[in-house]
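Below: one structure, written as structure tokens.
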Amino acid sequence: MSGSAATTVWLSPSATSFACLCEQCLDAARVAGAAFADALAGATVRGAVAAESSVTVARCAAGHEIVLRRVERPPGLQRHDDRQMQIA
């Protein structure tokens, strides 16, 4: 939808499915005073993603755009820090 930033979800290199929350739907539910459980249920987005896709777009039930990006690490975590958990 226009005027709002899309939710971005970072996928691991081997991911073939995803589950996330639409930030715009969560915000709309908060403004409307929805119960937390109802907000989560309405904002949940699940789906499949092709293994060869590096970037693709999904939409929540309300039609908000969710950008799915396949990367090793989000750009803000490029620098190694010994305090970061390492998953092999």
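For this chain, numbers begin at 1 and follow the sequence in order. Quick caveat, the model's predicted, so the values are computed rather than measured.
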Give the table of side-chain donor-acceptor pairs shorter than 3.5 Å for residues 43-58, with sequence neighbours excluded, one pair per line with atom names and distance.
unit_1	atom_1	unit_2	atom_2	d
T44	OG1	L40	O	2.6

If we check side chain to side chain contact (heavy atoms under 4.5 Å, CB included) with R69, which of these qualifies: L11, T8, V9?
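The option that passes is T8.
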
For A61, all residues meeting side chain to side chain contact (heavy atoms under 4.5 Å, CB included), sequence neighbours excluded:
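Partners of A61 by the side chain to side chain contact (heavy atoms under 4.5 Å, CB included) criterion come out as none, since no residue qualifies.
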
Residues 26-33, side-chain donor-acceptor partners within the protein, below 3.5 Å, at least two apart:
unit_1	atom_1	unit_2	atom_2	d
D27	OD1	R30	NE	3.2
D27	OD1	R30	NH2	2.7

Can you tell me how far the CZ atom of R59 sits from the OG1 atom of T7, to the nearest 0.5 Å?
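Here the rounded value is 11.5 Å.
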
Do you know the tightest heavy-atom contact between H64 and C22?
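Reported closest heavy-atom pair: ND1-SG, 3.4 Å.
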
